[in-house]
K.L.:
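Dropping a structure here in structure tokens format, bear with me for questions.
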2 protein chains.
Amino acid sequence: MKNATFEAALSQAAAALAGTGTRKGERLHDRILNKIGQSIVSRELTPGDQLPNAEEWSAAHGVSRTVLREVIKVLAGKGLVEARPRTGTCVRPRSFWNFLDADVLLWRYGPDTTAEDARSLFELRRAIEPAAGALAAQRATPEQIGDMRKALEQMRASGDDGARFAVPDLVFHQTLLRMSGNELIGSLAALTETALLISFRLTDDNPAGQAHSVALHEQVLHNILAADPAATSAALVVLLDLAEEDVRRSLEARLLGQTVLSH
Amino acid sequence: MKNATFEAALSQAAAALAGTGTRKGERLHDRILNKIGQSIVSRELTPGDQLPNAEEWSAAHGVSRTVLREVIKVLAGKGLVEARPRTGTCVRPRSFWNFLDADVLLWRYGPDTTAEDARSLFELRRAIEPAAGALAAQRATPEQIGDMRKALEQMRASGDDGARFAVPDLVFHQTLLRMSGNELIGSLAALTETALLISFRLTDDNPAGQAHSVALHEQVLHNILAADPAATSAALVVLLDLAEEDVRRSLEARLLGQTVLSH
DNA sequence: TTTCATTAATCATCATACTATTGGCACTGC
DNA sequence: GCAGTGCCAATAGTATGATGATTAATGAAA
């Protein structure tokens with residue numbers, strides 16, 4: 001039971017990385033939630049205008065009002081919609097949406113990703129992870145260090161198999177966030193997960209080789225063990241630069257491929 | 001209608017700063033949501049153990065099962081609980097909670113705040129706001145600059161009236177986040193709001209004088225106008241250091257006051 | 001034109017019935 | 001004694017009809 005959190009994180013990661021496929025036991029509620037959530041985030045439903053009234057809308061989706069109401073309440077909790085009597089339910093302006101919510105992130109960065117999207121993810125990661133690393137160098141617990149070590153081992157063992165590499169990579173970064181000892185920072189795990197999900201999807205058909213990446217990750221742990229905040233931050237900046245560059249290259253390659261194909 | 005977003009932000013800010021008081025038209029749903037959310041976050045209900053079944057529990061709160069179910073679904077959407085047939089509903093481990101959600105933040109940092117709590121808020125702000133400032137120096141739109149200017153004017157006009165100062169202060173920082181042109185960063189507005197709410201509550205009975213603070217804020221805008229990312233970041237670091245120092249001092253003073261009183 | 005009561009549309013809430021899922025238990029067969 | 005199997009009951013999930021509360025829009029009256 002020592003590494004229960006580690007195993008939980010891994011299984012969670014695996015499930016997330018498995019893709020959008022229907023998770024076992026996906027309830028009706030979740031199906032509709034994802035459906036409507038996605039249609040809002042993907043701009044099918046634009047902010048400002050009313051949604052159909054609950055009666056018709058639930059019928060349109062083939063579910064009861066109960067289910068639809070619960071979905072609307074959850075969406076309201078994430079800032080996407082607002083329901084008022086007489087006026088009906090409407091989509092709120094984008095600035096109210098909680099993009100850091102795991103579901104919203106998935107809807108936003110789900111199907112296909114542009115270079116612009118990737119940029120915004122990395123801008124935030126570049127602000128967070130170096131700061132988290134600096135705190136980690138001062139606060140990491142032995143258990144967390146064990147978790148990170150294990151993740152590194154699995155990364156090494158993965159060779160150039162992108163699919164095997166992805167999960168321990170994610171665990172590494174999530175462990176880093178937890179090491180900061182700051183729950184608020186820990187809640188940004190979903191962000192990292194989304195970024196890695198995108199990286200994984202893109203580099204899947206365009207493997208870049210992870211040997212260099214592993215060395216950089218090892219450098220991070222090394223600096224944490226040395227309790228050197230500045231060096232840990234610096235190592236993470238280098239790591240993120242590389243990761244973003246990889247994603248950028250993959251996006252270009254993919255775009256080029258499409259252009260070639262369309263000729 | 002030019003500054004619609006600005007006015008919206010201000011009214012929103014005012015409502016938030018007005019305190020926890022019953023907002024007009026607070027629905028039953030919200031009352032129960034806050035009640036249960038708070039009792040989870042404040043550790044009255046500890047992670048792992050089951051919640052009463054929906055039937056009894058709704059009766060205990062004097063509401064129908066429908067309302068309670070909607071509340072549970074929303075809490076599940078924020079990562080606080082998980083519901084499964086047969087097993088019932090249970091509180092999830094803290095690491096799953098989305099602390100960056102506006103409601104969760106309010107529950108977490110609501111009633112009274114320790115120095116530890118304030119620290120975690122400022123750790124994250126210190127990672128985010130300088131980064132946002134650097135981006136703002138490259139991307140701020142004329143309209144956003146106008147908003148920030150207006151906020152500064154109101155701050156100047158407030159003198160040492162803490163209550164009048166708070167709202168434009170909040171608007172200033174939220175505008176800064178929006179200037180980054182990154183929606184993910186914009187979603188951290190709730191974080192800033194919570195931090196300022198705490199500052200406001202503490203410094204209310206221990207006014208520190210805001211003249212110096214205004215000068216620092218002006219410096220930030222000056223650097224944004226000069227399109228100087230590094231200088232903007234640096235100015236924000238100074239600003240945050242001062243703000244955190246103020247909070248720390250206020251907490252100490254308050255603690256000391258209590259000690260004296262208890263004699 | 002302004003004011004203000006009326007109205008109708010919509011969400012909010014409740015109560016109840018039925019379905020689906022699943023952990024645990026008893027029973028079976030070896 | 002043990003493993004496997006199938007049934008049972010507790011619980012959340014879903015559906016539906018009725019009623020209350022809120023408020024934008026309407027239109028009559030001042």
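Side chains included, hydrogens not; waters and symmetry mates left out as well; all remaining heavy atoms used. In what follows, chains carry the letters A, B, and so on, assigned in the order in which the sequence lines appear, proteins first and then strands, with residues in each chain numbered from 1.
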K.L.:
Return the set of residues passing ring pair (Phe, Tyr, Trp, His ring centres under 6.0 Å) with H217(B) (not counting sequence neighbours), or none when no residue passes.
P.N.:
F172(B), H173(B)

K.L.:
Enumerate all atom pairs, one protein N or O and one N or O from nucleotides 8-12 of chain C, separated by less than 3.5 Å.
P.N.:
from	atom 1	to	atom 2	distance (Å)
dA9(C)	O4'	R86(A)	NH1	3.0
dT10(C)	OP2	N53(A)	ND2	3.4
dT10(C)	O2	R86(A)	N	3.4
dC11(C)	OP1	A54(A)	N	3.4
dC11(C)	OP2	A54(A)	N	3.2
dA12(C)	OP2	R69(A)	NH1	2.9

K.L.:
Find the distance W57(B):CH2 to dT11(D):P and express it as a whole number of Å.
P.N.:
14 Å

K.L.:
For H29(A), enumerate each residue passing the ring pair (Phe, Tyr, Trp, His ring centres under 6.0 Å) test, keeping only those at least two apart in sequence or located in another chain.
P.N.:
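Result, ring pair (Phe, Tyr, Trp, His ring centres under 6.0 Å) vs H29(A): none returned.
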
K.L.:
Would E153(A) and R149(A) pass as an ion pair if we require N to O under 4.0 Å?
P.N.:
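No.
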
K.L.:
Under the ring-ring contact (aromatic ring centres under 6.0 Å, His included) definition, can you give me all pairs with a residue in residues 139-159 of chain A, not counting sequence neighbours?
P.N.:
none

K.L.:
With sequence neighbours excluded, give me every ring-ring contact (aromatic ring centres under 6.0 Å, His included) pair touching residues 75-94 of chain B.
P.N.:
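Found none.
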
K.L.:
Rounded to the Å, how far apart are L68(B) CG and dA12(D) P?
P.N.:
9 Å

K.L.:
Just how far, in rounded Å, is P of dT11(D) from CD of E82(B)?
P.N.:
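Checked: the CD to P distance equals 17 Å.
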
K.L.:
Residues two or more places apart in sequence or in another chain: which of them pass ring pair (Phe, Tyr, Trp, His ring centres under 6.0 Å) with W107(B)?
P.N.:
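Ring pair (Phe, Tyr, Trp, His ring centres under 6.0 Å) list for W107(B), sorted by chain: empty.
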
K.L.:
I want to check one thing: is the phosphate of dT14(D), taken as OP1 and OP2, less than 4.0 Å away from some side-chain N or O of S64(A)?
P.N.:
no

